[in-house]
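Here's the structure, in structure tokens; my notes come after.
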2 protein chains.
Amino acid sequence: MHAFCVSNSAALPADGVLAVSRVRLRKGETLVRAGEAFAALYAVRSGTCKSVLVTPDGQEQIVDCHIAGDIVGTDGIATGEHDCAIAALEDSELCVLPFDHLEALARASNEFQRNLHALLSREIRRERKTMLILGTMRAEQRLAAFLLDLADRYAARGYSATEVVLRMTREDIGRHLGMKLETVSRLFSRFDQEGLIRVHGREVKLVDRDALHQLVQSATQ
Amino acid sequence: MHAFCVSNSAALPADGVLAVSRVRLRKGETLVRAGEAFAALYAVRSGTCKSVLVTPDGQEQIVDCHIAGDIVGTDGIATGEHDCAIAALEDSELCVLPFDHLEALARASNEFQRNLHALLSREIRRERKTMLILGTMRAEQRLAAFLLDLADRYAARGYSATEVVLRMTREDIGRHLGMKLETVSRLFSRFDQEGLIRVHGREVKLVDRDALHQLVQSATQ
DNA sequence: CGTAAGTTTGACTTACATCAAGTTTTGTGG
DNA sequence: CCACAAAACTTGATGTAAGTCAAACTTACG
């Protein structure tokens with residue numbers, strides 16, 4: 001519940017009020033499937049999950065990758081059915097936040113309400129940023145943006161801003177950034193050669209964050 | 001307020017309760033700019049608007065295009081500042097929905113609250129669908145998906161499901177779908193030749209919706 | 001009515017995809 | 001703990017969808 005509780009700690013003795021239950025997922029397991037009934041949001045406690053949207057013809061878009069502190073499942077509120085699947089990229093633990101409880105708390109507390117709304121709005125902003133990345137950037141810029149975003153999110157949770165361990169395969173990264181796994185692999189190799197990062201399999205060290213930033217912001221032409 | 005009020009009509013005599021004010025925008029005018037303080041959502045009453053996100057280097061992503069009945073401005077809730085600009089594509093009129101009023105109403109009514117949350121969640125879903133389009137589809141599929149979505153939205157409001165008048169330029173469409181205006185133009189011409197649509201400038205008639213649907217769902221390779 | 005903005009179309013270039021082969025890592029059962 | 005199969009990754013050669021540059025045409029508007 002981090003992102004949520006932390007920012008709510010004054011108004012929300014959440015674990016108590018919410019009578020939170022937990023779910024454990026093993027690597028590869030699915031928390032929710034597209035079409036399943038919506039009843040709760042989930043807070044990632046530990047591990048990493050992905051939200052996946054699938055086309056009728058089986059193409060997958062990895063909409064986002066979630067780490068400890070993130071809240072997932074917001075797509076279900078609209079219709080009472082999830083349309084995104086959520087799956088664990090490694091063994092993970094999540095808190096179940098029954099949505100009617102959240103709504104009751106939001107009616108009772110202005111501050112809790114505002115935090116709930118801010119949570120949903122942040123999701124909207126985050127997705128718009130991803131749309132910007134997909135719509136305007138070249139492959140190398142997308143990958144640089146992805147690495148910086150991931151590192152920043154770890155940093156915001158007290159971990160290193162320069163060393164990240166990817167939980168996604170090259171293929172998953174490709175399915176998130178709209179490119180093929182070969183392109184992801186080639187770019188990792190090139191960034192390594194150019195001294196922007198240091199890659200050992202899934203371990204990536206951001207050697208030159210400034211250069212990565214510049215790359216992201218360089219005109220795409 | 002359509003989308004919102006219509007679905008809320010039972011619980012929400014909105015115009016009365018909200019003491020709604022109106023804004024008129026001339027074609028090209030901006031309702032909010034990135035960085036401006038957030039105070040309200042806006043319901044499109046008539047006309048068409050776009051939400052635009054800009055990169056540091058000036059590249060634009062048109063995040064969405066809004067028609068009568070849509071609610072805009074949700075990105076501002078998160079931080080109290082908008083990060084998306086909103087501009088009119090033609091002369092338009094919008095209702096101002098002060099957000100603290102909406103929150104007060106949501107605390108008072110379960111039904112209103114649920115509708116507000118559904119509104120935000122629908123936005124999340126809609127953006128994820130756009131991410132899917134940008135991340136997995138080729139240019140022709142993206143354009144077909146765009147046309148079908150627009151026509152469906154007009155149809156849901158009682159207009160024709162086969163005749164749409166585009167308010168965006170080819171360049172704007174390109175900036176929404178992640179392609180160049182020349183590509184948009186070429187695809188319009190090709191779709192016309194192939195009998196999928198009939199184009200006269202900004203007027204587009206969807207001649208063969210089934211074929212367009214099939215095109216969207218054909219494997220991208 | 002004239003100028004600017006928007007659009008179309010063609011010729012050429014390029015970023016990324018595809019196909020293919022070989023290497024490394026991971027995970028599982030003996 | 002090793003063996004070995006499957007999954008993941010890397011790298012090269014080649015193909016292609018879409019971008020770029022350029023010029024002419026059309027539409028909108030002050």
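Letters go in sequence order (proteins before strands), and every chain restarts at 1.
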#### Entry: salt bridge (charged side-chain N to carboxylate O under 4.0 Å, His left out) partners of A/Arg170, counting only residues at least two apart
none

### Query
Counting side-chain heavy atoms from C-beta on, which of C/dT9, C/dT7, D/dG12 comes nearest to B/Arg202?
C/dT7

### Message
Ring-plane angle category for A/Tyr42 and A/His82, please: parallel below 30°, perpendicular beyond 60°, tilted otherwise.
### Response
tilted

### Query
Can you find a side chain N or O atom of A/Lys27 that sits less than 4.0 Å from OP1 or OP2 on C/dT26?
no

### Task
Ignoring backbone atoms, establish whether B/Ser189 has a side-chain N or O less than 4.0 Å from OP1 or OP2 of C/dT9.
yes

### Query
Is B/Asp83 salt-bridged to A/Arg128, cutoff N-O under 4.0 Å?
no

### Task
Report the residue from A/His200, A/Lys205, A/Arg198 that forms a side chain to side chain donor-acceptor pair (under 3.5 Å) with A/Asp192.
A/Arg198

### Message
Strictly below 4.0 Å: does A/Thr183 bring a side-chain N or O up to OP1 or OP2 of C/dA17?
### Response
yes

### Message
Whether A/Arg170 contacts D/dT10 is assessed here as follows: a side-chain N or O lying under 4.0 Å from the phosphate OP1 or OP2. Is that the case?
### Response
yes

## Note on the structure
In whole angstroms, the gap separating P of C/dC16 from NZ of A/Lys180 amounts to 14 Å

### Query
Using the C1' atoms of the five pairs at each end, what is the angle between the end axes of the helix from C/dC1-D/dG30 to C/dG30-D/dC1, to 10°?
60°

#### Entry: Per A/Ser185 side chain, nearest of listed nucleotides D/dC9, D/dA22, C/dC16
D/dC9

### Message
Of the listed nucleotides (C/dT18, D/dC9, C/dA11), which one gets closest to any side-chain atom of A/Arg186?
### Response
C/dT18

### Message
Can you confirm whether more than 12 heavy atoms, excluding those of A/Arg33, are under 6.0 Å from its CZ atom?
### Response
no

### Task
Assign A/Gly174 to base, sugar-phosphate, or nothing according to its heavy-atom contacts below 4.0 angstrom with the strands shown.
nothing

#### Entry: Whole angstrom value for the distance that separates C1' of D/dT11 from CD of A/Glu182
10 Å

